[in-house]
2 protein chains.
Amino acid sequence: MSTNKQKVFHCPVEATLSLIGGKYKCIILYHLAERTLRFSELRHLIPQATAKMLTQQLRELQSAGIIHRKVYPIVPPKTEYSLTSYGETLSPIVKAMCAWGEEHLADRILPADKG
Amino acid sequence: MSTNKQKVFHCPVEATLSLIGGKYKCIILYHLAERTLRFSELRHLIPQATAKMLTQQLRELQSAGIIHRKVYPIVPPKTEYSLTSYGETLSPIVKAMCAWGEEHLADRILPADKG
DNA sequence: CTGAATCCCTTTGGATACTG
DNA sequence: CAGTATCCAAAGGGATTCAG
């Protein structure tokens, strides 16, 4: 169900946005940049995203080769998401967004839950 | 009609996205980073955005203090958009997105029109 | 636990026509 | 030229339920 239309872009920024422009994608990449995470951990870290949205965004990132999905065939189920090496090349962008947010909007950011 | 709800964010990236997460905002910032542009120039540079969308995104960027809108009271009308100094602090993000696109998706990016 | 599926409302966004 | 206004279709996205 991925959008495999080979679109042509009018500028480099638009091209990049075609991969990471989704509503929660950069946030997912931000958390995965730190470490591999399970689905439930991502849900906890991104509470404003419903399971449906989170799954959708994860699938799109996976289709783009940006993240890796590892399923453990156990009960109860366990799935781990991690950045691929390709996905890691996006880190400078996410880092820049993170740094800007911390510098300019720090007072509106809740402290991370160290649960 | 801007959303002035003082939302609280769960991570710095989300905070940043609240300002530049719009569909064409980063593309607008990319073009304005190079120079001041008129409305019609932006339309030409971002052909996939309709006038309505472009206006909307410009208004939101203006409300956030990221861009400046200068109207010349002449006939025919002339309006110029430029980055504020606050908006210029976002440049590292846009630059990173631009660099990534050029490096990884160069073959799908149309050459810029030098009109 | 990790999803998929459904329902349904909201938002986005394109086309078109019109104005100062 | 630089928008606004209106209409409408498509996509986004939340709540809930169900399944392996």
Side-chain angles (χ1 to χ4, degrees), chain A residues 1-5 7 9-10 14 17-28 31-32 35-64 67-82 115, chain B residues 1-5 7 9-10 14 17-28 31-32 35-64 67-82 115:
Chain A
M1 203 62 59
S2 59
T3 305
N4 275 339
K5 282 251 294 277
K7 264 204 58 179
F9 308 107
H10 299 88
E14 184 195 354
L17 282 175
S18 72
L19 295 183
I20 61 169
K23 187 164 188 179
Y24 303 114
K25 287 179 184 172
C26 282
I27 301 175
I28 291 170
H31 291 299
L32 289 184
R35 65 182 179 90
T36 294
L37 291 167
R38 298 183 58 170
F39 185 78
S40 56
E41 293 176 311
L42 281 168
R43 286 215 60 185
H44 185 71
L45 290 167
I46 316 176
Q48 71 273 30
T50 60
K52 172 185 164 183
M53 286 308 304
L54 194 51
T55 300
Q56 175 189 306
Q57 302 276 297
L58 286 167
R59 290 290 180 280
E60 292 178 11
L61 287 171
Q62 184 186 358
S63 294
I67 66 173
H68 176 69
R69 177 170 178 259
K70 179 169 186 181
V71 180
Y72 294 84
I74 60 174
V75 177
K78 172 177 173 177
T79 307
E80 285 184 345
Y81 293 92
S82 58
Chain B
M1 202 63 60
S2 59
T3 306
N4 275 339
K5 282 251 293 277
K7 263 203 57 176
F9 307 108
H10 300 87
E14 184 195 354
L17 282 175
S18 72
L19 295 183
I20 61 169
K23 187 164 188 178
Y24 303 114
K25 287 179 184 173
C26 282
I27 300 176
I28 291 170
H31 291 298
L32 289 184
R35 64 182 180 89
T36 294
L37 291 167
R38 299 182 58 169
F39 185 78
S40 57
E41 293 176 311
L42 282 168
R43 287 214 60 185
H44 185 71
L45 289 167
I46 315 175
Q48 71 273 30
T50 60
K52 173 185 163 184
M53 286 308 304
L54 194 51
T55 299
Q56 175 189 306
Q57 301 277 297
L58 287 167
R59 290 289 180 281
E60 291 178 11
L61 287 171
Q62 184 187 358
S63 293
I67 67 173
H68 177 69
R69 177 170 178 259
K70 179 170 187 181
V71 179
Y72 294 85
I74 60 174
V75 178
K78 172 177 173 177
T79 306
E80 285 183 346
Y81 293 93
S82 58

Under 4.0 angstrom, heavy atoms only, what part of the nucleic acid is Tyr81(B) near: base, sugar-phosphate, or nothing?
sugar-phosphate
Could you tell me how far apart Leu37(B) (CG) and dG3(D) (C1') are, to the nearest whole angstrom?
17 Å
Would you check if Ile46(A) and Gln48(A) make a side-chain contact, meaning some heavy-atom pair closer than 4.5 Å?
yes
What range of DNA chain C does chain B touch, first nucleotide to last, counting atoms under 4.0 Å from its heavy atoms?
dG13(C) to dG20(C)
Spacing of Thr79(A) atom OG1 and Lys70(A) atom NZ [to the nearest 0.5 Å]:
11.5 Å
Heavy atoms only, 4.0 Å cut-off, all strands: where does Arg38(A) land among base, sugar-phosphate and nothing?
sugar-phosphate
Looking at CG of Leu32(A) and NE2 of His68(A), how far apart are the two atoms once the value is rounded to the nearest 0.5 Å?
12.0 Å
Are the side chains of Gln57(A) and Glu60(A) in contact, using a 4.5 Å heavy-atom criterion?
yes
Distance check needed: dA2(D) P versus Gln57(B) CD, whole Å only.
18 Å
Distance test, side-chain N/O of Thr79(B) to OP1/OP2 of dG3(D), below 4.0 Å
yes
Can you measure from CG (Leu54(A)) to CG (Leu45(A)) and round to the nearest 0.5 angstrom?
10.0 Å
From CG of Leu45(B) over to C1' of dA2(D), roughly how many Å is that when rounded to an integer?
16 Å
For nucleotides 17-20 of chain D, tabulate all protein N/O to nucleotide N/O atom pairs closer than 3.5 Å, reporting atom names and distance.
none

Heavy-atom check, side chain of Leu58(B) versus side chain of Phe39(B), under 4.5 Å:
yes
Distance from Gln62(A) atom CD to Thr55(A) atom OG1, nearest 0.5 Å?
11.0 Å
Shortest non-hydrogen pair, Val71(A) vs Pro73(A), comes out as O-CD, 3.6 Å
I need the CD-P distance between Gln48(A) and dG13(D), as an integer number of Å.
12 Å
So Ile67(A) and Arg69(A), side-chain contact (heavy atoms from CB on, under 4.5 Å) or not? Walk me through it.
CA-CA 7 Å; Ile67(A) 66 173; Arg69(A) 177 170 178 259; 6.0 Å; no
Between dG3(D) (C1') and Leu58(B) (CG): distance, integer Å
11 Å
Could you pull out the closest heavy-atom pair between Leu42(B) and Tyr81(B), with the gap in Å?
CD1-CD1, 4.0 Å
N/O-N/O pairs, protein side and nucleotides 4-11 of chain D side, under 3.5 Å:
residue : atom : partner  : partner atom : Å
dT4(D)  : OP1  : Arg59(B) : NH2          : 3.1

For the side chain of Glu14(B) and the backbone of His10(B), is there at least one donor-acceptor N/O pair under 3.5 Å apart?
yes
Please give, in whole Å, the distance from dA2(D) P to Glu80(B) CD?
9 Å
Need to verify one output field. Residue with the more 5' nearest nucleotide on DNA chain D, Tyr24(A) or Ser40(B)?
Ser40(B)
